[in-house]
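Taking it in order: structure first as structure tokens, then the write-up.
Letters A, B, ... are given to chains in the order of the sequence lines, protein chains preceding strands, and every chain is numbered from 1.
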There are 2 protein chains.
Amino acid sequence: MGLREVKRERTRRLIADKAFELFSDNGFGRTTVEQIAAAAEVGPSTLYRYFPTKEGLVLEFVDDCLADAVDWFHQQPAMDLPDGLRAVIERVLEQLERNPERIRAVFDLAEQTGSVSAHLNELIWRFRTDLADELVRRLPTDDPRRSEFVAALSAGIAMNIIETVVRVWVDTPDTVEAKALARRAMRLLSTGGVPLPGAPDA
Amino acid sequence: MGLREVKRERTRRLIADKAFELFSDNGFGRTTVEQIAAAAEVGPSTLYRYFPTKEGLVLEFVDDCLADAVDWFHQQPAMDLPDGLRAVIERVLEQLERNPERIRAVFDLAEQTGSVSAHLNELIWRFRTDLADELVRRLPTDDPRRSEFVAALSAGIAMNIIETVVRVWVDTPDTVEAKALARRAMRLLSTGGVPLPGAPDA
DNA sequence: TGGGAATTTGGTAGTGACTACCATATGGCT
DNA sequence: AGCCATATGGTAGTCACTACCAAATTCCCA
């Protein structure tokens, strides 16, 4: 790896770190990109070459975690769907748990700022569709409509567990661990502890 | 109701309709709020008094549908959770089905434009939390942590069904009806047609 | 090692969403 | 008619973000 890429990574990190610093000091809305650029000692146009939007500064880590999990799942060997879902869920949580303070900071910012929350939800939604695409490959192809439907619902369930667990986890003074919570959620679902909506005639 | 409120509603509708017209003609990104204001024959500052953001113009109807459903559910008599979830799901779909073309237009715009998609996801997420708040009231209070957890997961499942059904529905040349799809989804979930993630030791 | 090619950078100028504010106009009521 | 509350339009400004260009930096190979 050349000097170029090293420098690139360094400035990238520097910008993101300075951004988090300023956001937590002054709030997202009261921090301008010019201030961030100045703090990282780069020009604003350089900042925009690294991050597409102001919100992107905040969400890069989450994005990386989710992208990694999809990638990882993509190259996992075949396994049946329940195990697959569990594996993806745990993979995402492992990735997120690599950096608990950052995750907490991200969710704090999302709670305070509408546009961050919106972008975060957008990210989550993209993960859901990516995961659904991955799941559909592991389902029978005889009835594609049905398989797509099942994949979408399954991806939604996985995402639901992840999101719920993470939100509880970030609100909890860090004694709980995310994977244990996730297992509790899975158990609640599979034993009827969480009631599923009743179909009227089935 | 006085003349004032009538006029208010009329201009509100006028603005939103003109906005949709321009969006579908020229695209969301290539339409400015000034153009919309001009088309509706109001000043830009008036437009912003009616709608908080450009995206709000697009999403008002969805927002109303979801808010109505939460409201409606709030004043429903007690019922057990599976029935409650089914009822909310069907209520939302009924509301959305009142105006299929608009829903289709909204999802088309969301697909093309990131910021619209983000705001839509934000809306959906708010509905999810509102619904969870409502559900927790109907759960036992002896273990509040557990009840909140169950409520969050349940709301997520309901939202998941709604979202999946609507996305299939808007992509389908309108022969299918949404509630039938939703019932299919419920049946798939309650009969194991959709595999739940397997808890490792339960 | 020197020099041209490719890439990265900072700066400028501009667009457009959105806000704060004020003067004017309009409907509601006595 | 005339007063009060509210609705409106306009102005001026901030800030995120884009397109573009000229200068600096890194890379690579003769």
Those residues at least two apart in sequence (or on a different chain) that pass salt bridge (Lys or Arg N to Asp or Glu O under 4.0 Å) with B:Asp171 are none

About how many Å separate CZ of A:Phe51 and CG of A:Leu59, when rounded to the nearest 0.5 Å? 11.0 Å

Under 3.5 Å, is there a donor-acceptor pair between the side chain of A:Glu9 and the main chain of A:Val6? no

Measure the CG-CD1 distance between A:Asp108 and A:Ile103 for me, rounded to the nearest 0.5 Å. 11.0 Å

Supply the atom-to-atom distance B:Gln95 CD to B:Phe61 CZ, rounded to the nearest 0.5 angstrom. 7.5 Å

Please name all residues satisfying salt bridge (Lys or Arg N to Asp or Glu O under 4.0 Å) with A:Arg137, sequence neighbours left out, ordered by chain then number. A:Glu134

Separation of D:dC27 C1' from A:Arg8 CZ (nearest whole Å): 15 Å

Gap between atoms CD and P, on A:Glu34 and C:dT12 respectively (whole Å): 11 Å

Specify the residues of residues 106-117 of chain B, ordered by number, for which at least one heavy atom lies under 4.0 angstrom from an atom of DNA chain D. none

CD/A:Glu41 to CG/A:Leu14 distance, rounded to the nearest 0.5 angstrom? 7.5 Å

Verify, without hydrogens or angle tests, whether A:Thr53 (side chain) and A:Gly56 (backbone) share a donor-acceptor contact under 3.5 angstrom. yes

I need the B:Leu93 CG to B:Arg183 CZ distance, nearest 0.5 Å. 9.5 Å

The salt bridge (Lys or Arg N to Asp or Glu O under 4.0 Å) partner of B:Asp17 among B:Arg102, B:Arg12, B:Arg10 is B:Arg102

Using heavy atoms and a sub-4.0 Å distance, could you list which residues of residues 40-63 of chain A are near DNA chain C? By number, please. A:Glu41, A:Val42, A:Gly43, A:Ser45, A:Thr46, A:Arg49, A:Tyr50

Could you verify whether a donor N or O on one side chain and an acceptor N or O on the other, from B:Thr164 and A:Arg128, lie under 3.5 Å apart? yes

Polar atom pairs (N or O), protein with nucleotides 25-28 of chain C, under 3.5 Å:
from   : atom 1 : to     : atom 2 : distance (Å)
C:dG27 : OP1    : B:Lys7 : NZ     : 3.2
C:dG28 : OP1    : B:Leu3 : N      : 3.0
C:dG28 : OP1    : B:Arg4 : N      : 3.3

Would you sort out whether A:Asp68 and A:Arg91 count as a salt bridge (charged side-chain N to carboxylate O under 4.0 Å, His left out), showing the intermediate values? CA-CA 9 Å; A:Asp68 163 281; A:Arg91 175 77 182 192; 3.1 Å; yes

CG-NE2 distance between B:Asn121 and B:His119, expressed to the nearest 0.5 angstrom: 11.0 Å

I need the residues from residues 15-32 of chain B with at least one non-hydrogen atom less than 4.0 Å from DNA chain C; give them sorted by number, or say none. B:Thr31, B:Thr32

